[in-house]
Chemist: 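Mind having a look at this structure? Questions to follow.
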Number of protein chains: 2
Amino acid sequence: MREPTSAPDVPNEGLLDRDVLSPKVPSFSPLYQQIKALILQSLKAGEWKPGEIIPSEFELAARFQVSQGTVRKAVDELSQEHLLLRRQGKGTFVATHSEQKFQYRFLKLVPNAENTALSGPAHRTVLWCKKAKANPDIAKSLQLPLGCSILQIRRILSFGCVPTILEDMILPGDAFKGLSAEELQNHQGPTYALFEKTYGVRMVRAQEKITAVHPSPEDAKMLNINDNTPLLQVERVALTYQDKPMEIRRALYKTEHHHYRNDLN
Amino acid sequence: MREPTSAPDVPNEGLLDRDVLSPKVPSFSPLYQQIKALILQSLKAGEWKPGEIIPSEFELAARFQVSQGTVRKAVDELSQEHLLLRRQGKGTFVATHSEQKFQYRFLKLVPNAENTALSGPAHRTVLWCKKAKANPDIAKSLQLPLGCSILQIRRILSFGCVPTILEDMILPGDAFKGLSAEELQNHQGPTYALFEKTYGVRMVRAQEKITAVHPSPEDAKMLNINDNTPLLQVERVALTYQDKPMEIRRALYKTEHHHYRNDLN
DNA sequence: CAGTGGTCTAGACCACACT
DNA sequence: GTGTGGTCTAGACCACTGC
């Protein structure tokens, strides 16, 4: 991409030059942004799988014909977005929900200070996993055609034997073909790790909308509470690469012994 | 701090060398971290006030005897933490809650999609602002001695004439001496901007704990709701430089027409 | 030891804002 | 034009990991 002319410091020869990198990236953006987009493409295409090491900064620099510093800045941003994970002395790895560091990073419900007994991993109880058709709301949220096949999953998460979260998940049927209640119940580690490993769907970020609600009588029974108990309703849309929505989740959080923790920066 | 010996590239002469910068920064940390700490000290000391421009990267580099790139990395991190604000072509400025971009950045309650009428700034109704003594909980949270003087403020925030947030704020009496209900009611812009301008207290980050609750009968009256309405209870601790807590806030959010929005990355 | 990411420098040029 | 932040390069050395 770069052909030094006379001086030893030609950072960029102009706008047109940049387009040769790839027609898919915008024509006017810093070089490192284009490199970032290219790495992103490789990630999305599955050239490097979650948990795997990616080429060293110098290798990537050679491949993209830019300096190592430029690759560095691209990788910096990607690792800040939790798409890559740098490990000094080892290399740079594709981030994964299996990683200790990133496990349950989307779950903001934590036990209140007084209850240390409730920490540790949740116990899952999958109530069902059934096929359905996308209604207008779901089709819009998942950017699917109306009536498209989806999966509906309901489960309960318990901490220290106390049922605490009642969760309804909606997944596009195509991407998760074959997913069963048994698999959801019995797999090891986070559910998002299962999605990565078995279905090649890596959730990259998510948006949540939180309100306070009362449970329906049926939901109250599931959580073993009075139907006059105030609960957090957390509606999540989880996104994969390029902000494509791949999951809708509506959860009810019991906040008797827990709270939703958020850090504002 | 740097004295090139023979080669034109001596990034660092060793650990001891670094201590001459300042005895207050840890002895082993990258140069740019020390620069960051020094800039932070100047910010805390008020050398540059919120909204003011700080010296250019080259000036800071000369002052600290490091290269511009090293200053750059320090400033990069500070502006990522919203302590500084870079503006290409203009300079780097001390971030402020008066800034459009940062106004209400700690307020995550947003109107539901269907209600555009409810956006826009909130209307404040200050119910009281009175002096009190810190009880054990407050003393611990604000890191003050027990019985220390504090200010207790209660107010209602309304969106489009609908009372939506009932808020109790607790401030250390020393730092906010003279703060009155009138001032809280009548000032322009965000309350955190008032704290900056008049009391020199800049809130840098905050932590929130969210639960679902029912209001007390009195609180329900204030929000003009049934006392069986589920509400979000948002407990916030706001921190100034060096993570010193300077405010406790307990708020009740009505989520009939709004929701708490959170982006997970 | 070699290989990787992490830090630091020096210098050049680009993009933007103001005068 | 001047000055600011923003990008890019090339090269050196440091810190960490694992052979």
Side-chain angles (χ1 to χ4, degrees), chain A residues 1-18 21 26-36 39 52-62 64-80 84-94, chain B residues 1-18 21 27-36 39 52-62 64-80 84-95:
Chain A
M1 180 193 301
R2 192 53 35 80
E3 273 164 0
T5 50
S6 55
D9 44 70
V10 179
N12 204 303
E13 279 133 29
L15 301 184
L16 291 175
D17 174 38
R18 305 185 160 213
L21 233 190
S27 67
F28 181 55
S29 64
L31 245 190
Y32 74 89
Q33 289 284 4
Q34 299 179 46
I35 304 303
K36 187 179 164 186
I39 295 173
E52 286 181 8
I53 194 170
I54 72 168
S56 77
E57 296 181 349
F58 278 106
E59 284 180 87
L60 290 173
F64 299 131
Q65 296 282 109
V66 298
S67 79
Q68 179 246 12
T70 301
V71 170
R72 183 165 191 78
K73 182 141 187 178
V75 172
D76 271 349
E77 290 201 356
L78 289 168
S79 72
Q80 247 181 334
L84 296 176
L85 176 61
R86 318 186 80 136
R87 295 198 231 189
Q88 182 172 118
K90 291 185 181 174
T92 302
F93 300 78
V94 182
Chain B
M1 179 193 298
R2 189 54 37 77
E3 274 165 0
T5 50
S6 54
D9 44 68
V10 178
N12 203 303
E13 277 132 27
L15 301 184
L16 292 174
D17 174 39
R18 304 184 161 214
L21 234 189
S27 68
F28 181 56
S29 64
L31 246 190
Y32 74 89
Q33 289 284 4
Q34 300 177 46
I35 304 302
K36 187 179 164 186
I39 296 173
E52 287 181 6
I53 193 171
I54 72 168
S56 76
E57 296 181 348
F58 279 105
E59 284 180 85
L60 289 173
F64 298 132
Q65 296 281 107
V66 298
S67 80
Q68 180 245 12
T70 301
V71 170
R72 183 164 190 77
K73 183 142 187 177
V75 172
D76 272 348
E77 290 200 355
L78 289 168
S79 72
Q80 248 182 331
L84 296 177
L85 177 60
R86 318 186 80 136
R87 296 201 231 189
Q88 182 171 129
K90 291 187 180 171
T92 302
F93 300 77
V94 182

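Per chain, numbering begins at 1; letters A, B, ... match sequence-line order.
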Chemist: Return the value, rounded to whole Å, for the distance between atom CG of A/L84 and atom P of C/dG6.
Modeler: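 Checked: the CG to P distance equals 11 Å.
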Chemist: Starting at the 5' end of DNA chain C, write a dot or bracket for each base, bracketing those in Watson-Crick or G-U wobble pairs whose two distances are under 3.5 Å and using | for partners on another strand.
Modeler: ||||||||||||||||||.
Chemist: Starting at CD of B/Q68 and ending at P of D/dG5, how long is that distance when rounded to a whole Å?
Modeler: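 That distance rounds to 8 Å.
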Chemist: On DNA chain D, check which nucleotide each of A/K73 and B/G89 is closest to and give me the residue with the more 5' one.
Modeler: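 It is B/G89, whose closest nucleotide lies nearer the 5' terminus.
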Chemist: Is any side-chain nitrogen or oxygen of A/R87 closer than 4.0 Å to OP1 or OP2 of C/dT4?
Modeler: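 Indeed not, no polar side-chain atom of A/R87 lies that close.
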Chemist: Is there a donor-acceptor pair under 3.5 Å between the side chain of A/Q34 and the backbone N or O of A/S29?
Modeler: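 Side chain of A/Q34 to backbone of A/S29: a pair is present.
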Chemist: If I take atom NZ from residue B/K73 and atom CG from residue B/L31, how far apart are they, to the nearest 0.5 angstrom?
Modeler: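 Output value for this atom pair is 12.0 Å.
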Chemist: Report the distance from atom OH of B/Y32 to atom P of C/dT9, rounded to the nearest whole Å.
Modeler: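 B/Y32 atom OH is separated from C/dT9 atom P by 13 Å.
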Chemist: How many angstroms lie between CZ in A/R72 and OG1 in A/T92, if you round to the nearest 0.5 Å?
Modeler: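 With rounding to 0.5 Å, CZ (A/R72) is 8.0 Å from OG1 (A/T92).
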Chemist: Rounded to the nearest 0.5 Å, how far apart are OG of A/S79 and CZ of A/R87?
Modeler: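 Result: 12.5 Å between the selected atoms.
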Chemist: Roughly, in whole Å, what's the span from CG in B/L85 to P in C/dA17?
Modeler: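 The answer, rounded to whole Å, is 13 Å.
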Chemist: Closer to the 5' end of DNA chain D via nearest nucleotide, is it B/F58 or A/S67?
Modeler: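 The residue mapped nearer the 5' terminus is B/F58.
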Chemist: Any side-chain N or O of A/K90 below 4.0 angstrom from OP1/OP2 of C/dG3?
Modeler: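 For C/dG3, OP1/OP2 do not have a side-chain N/O of A/K90 under 4.0 Å.
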Chemist: Could you measure the distance from the CG atom of B/L85 to the CD1 atom of B/I53? Nearest 0.5 Å is fine.
Modeler: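 One gets 11.0 Å once the value is rounded to the nearest 0.5 Å.
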Chemist: Side chain of B/Q88: nearest nucleotide among C/dA15, D/dA15, D/dT9?
Modeler: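 The answer is C/dA15, which lies nearest to the side chain.
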Chemist: Round to the nearest Å and state the distance from B/Q33 atom CD to C/dC8 atom C1'.
Modeler: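 Rounding to the nearest Å, CD of B/Q33 and C1' of C/dC8 are 14 Å apart.
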Chemist: Where the side chain of B/E59 is defined as all heavy atoms beyond and including C-beta, which of D/dG6, D/dT4, D/dT9 is the nearest nucleotide?
Modeler: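 The nucleotide sitting nearest to the side chain is D/dT4.
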Chemist: To the nearest 0.5 Å, what is the distance between CG on B/L84 and CD1 on B/I54?
Modeler: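 Rounded to the nearest 0.5 Å, the CG-CD1 separation comes out at 5.0 Å.
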Chemist: Measuring to OP1 and OP2 of C/dG3, would you say a side-chain N or O of A/S56 lies under 4.0 angstrom away?
Modeler: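 False: A/S56 side-chain N/O out of range (4.0 Å or more) of C/dG3 OP1/OP2.
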Chemist: Atom CD of B/E77 and atom P of C/dC8: how far apart are they, to the nearest Å?
Modeler: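 For the pair B/E77 CD and C/dC8 P, the rounded distance is 11 Å.
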Chemist: Any idea which of D/dG5, D/dT7, C/dG6 is nearest the B/T92 side chain?
Modeler: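 Of the options given, the side chain of B/T92 lies nearest D/dG5.
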Chemist: Out of C/dG5, C/dT9, D/dT9, which nucleotide sits closest to the side chain of A/V66?
Modeler: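 Nearest to the side chain of A/V66 among the choices is D/dT9.
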Chemist: To the nearest 0.5 Å, what is the distance between OG1 on A/T70 and CD on A/Q65?
Modeler: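 One gets 12.0 Å once the value is rounded to the nearest 0.5 Å.
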Chemist: In whole Å, I'd like the distance from the CZ atom of B/R72 to the C1' atom of C/dG11.
Modeler: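 Taking CZ of B/R72 and C1' of C/dG11, I get 15 Å after rounding.
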Chemist: CD1 of A/I53 versus P of D/dT17: gap in Å, rounded?
Modeler: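 These atoms are roughly 14 Å apart.
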